[in-house]
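All remarks here apply to the structure that follows.
Computed from a prediction, not measured in an experiment: that's the story for all the values here. In what follows, residues are counted from 1 in the order of the sequence shown.
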Amino acid sequence: MILWPARVQGEGAAQEIANGIKRMAELSLCDVLIVGRGGGSMEDLWAFNEEVVARQIAACPIPVISAVGHEVDFTIADFVADVRARRRAPPPSSSPPRRLP
């Protein structure tokens with residue numbers, strides 16, 4: 001498991017997330033990317049609704065699992081990712097079991 005640090009809310013967060021996705025794709029060190037954060041208000045999750053993040057997920061050659069927020073939360077990242085993690089447990093804890101043996 002490789003973690004890429006990025007702010008997930010606030011000014012500049014969307015660009016940091018997009019840059020992390022792009023860099024992980026360039027490094028090609030993994031079979032899948034999990035892009036996620038825990039729950040919060042829609043404003044807290046807004047970085048995952050930004051076009052720069054959506055475009056980077058859609059362009060990523062590595063399959064992407066979106067693990068943003070709680071089960072009731074939806075972001076644009078969920079719709080462009082290859083898979084949306086089911087989030088009945090505290091997120092993003094439900095996404096690694098989908099990938100790890």
Side-chain angles (χ1 to χ4, degrees):
M1 184 180 293
I2 300 168
L3 301 177
W4 191 273
R7 287 181 285 170
V8 294
Q9 70 185 64
E11 191 171 330
Q15 190 62 56
E16 283 189 29
I17 295 163
N19 290 346
I21 295 166
K22 181 179 181 182
R23 188 66 180 132
M24 289 300 291
E26 290 170 349
L27 293 172
S28 194
L29 297 175
C30 54
D31 297 326
V32 68
L33 293 180
I34 299 171
V35 177
R37 64 153 285 156
S41 69
M42 185 51 70
E43 291 80 19
D44 293 340
L45 304 178
W46 197 257
F48 297 90
N49 283 320
E50 295 288 343
E51 182 177 354
V52 66
V53 173
R55 287 190 179 276
Q56 202 59 57
I57 290 172
C60 187
I62 300 169
V64 176
I65 297 173
S66 175
V68 180
H70 296 286
E71 184 69 23
V72 297
D73 298 320
F74 285 91
T75 64
I76 292 172
D78 293 321
F79 297 105
V80 295
D82 297 287
V83 175
R84 179 179 184 255
R86 295 192 66 196
R87 295 180 287 274
R88 294 186 190 269
S93 63
S94 66
S95 54
R98 291 185 65 115
R99 175 61 190 121
L100 299 176

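In this structure, Trp4 is a member of the same hydrophobic cluster as Val68, with clusters built from ILVMFWY side-chain heavy atoms closer than 4.5 Å. Phe79 and Trp46 fall into different hydrophobic clusters, where Ile, Leu, Val, Met, Phe, Trp and Tyr side chains are chained together by heavy-atom contacts under 4.5 Å. Linking Ile, Leu, Val, Met, Phe, Trp and Tyr whenever their side-chain heavy atoms come within less than 4.5 Å leaves Phe74 and Met42 in two separate clusters. In the hydrophobic cluster analysis, where Ile, Leu, Val, Met, Phe, Trp and Tyr join through side-chain heavy atoms closer than 4.5 angstrom, Val80 is grouped together with Phe48.
Between Asn49 atom CG and Thr75 atom OG1 the span is 5.5 Å, to the nearest 0.5 Å.
For the pair Val53 and Ala14, the tightest heavy-atom approach, listed with the atom from each and the gap, is CG2-O, 3.3 Å. What you find for Ala13 and Val8 is that their closest heavy atoms are CB-C, 3.8 Å. In terms of heavy-atom proximity, Met24 sits nearest to Ile2 at CE-CG2, 4.0 Å. Closest of all the heavy-atom pairs between Leu33 and Ile62 is N-CG2, 3.8 Å.
Proximity of Pro63 to Val83: side-chain heavy atoms (C-beta onward) are nowhere separated by under 4.5 Å. Put simply, the side chain of Ile65 reaches to within 4.5 Å of the side chain of Val32, judged on heavy atoms. Ile17 has its side chain out of reach of Gln56: every pair of non-hydrogen atoms, C-beta onward, lies at least 4.5 Å apart. Inter-residue side-chain proximity for Ser66 and Ile57 is flagged as unmet; no heavy-atom pair is nearer than 4.5 Å. With a 4.5 Å cut-off on side-chain heavy atoms, Ile34 and Met1 do not count as touching.
Atom CD of Glu11 has 12 or fewer neighbouring heavy atoms from other residues, nucleotides or ligands inside a 6.0 Å radius. By the neighbour-count criterion of 12 heavy atoms within 6.0 Å, atom CZ of Arg7 is densely surrounded, having more than that number from other residues, nucleotides or ligands.
Residue Asn19 is tested with Lys22, Glu16, Gln15 for a side-chain contact (heavy atoms from CB on, under 4.5 Å); the sole match is Gln15.
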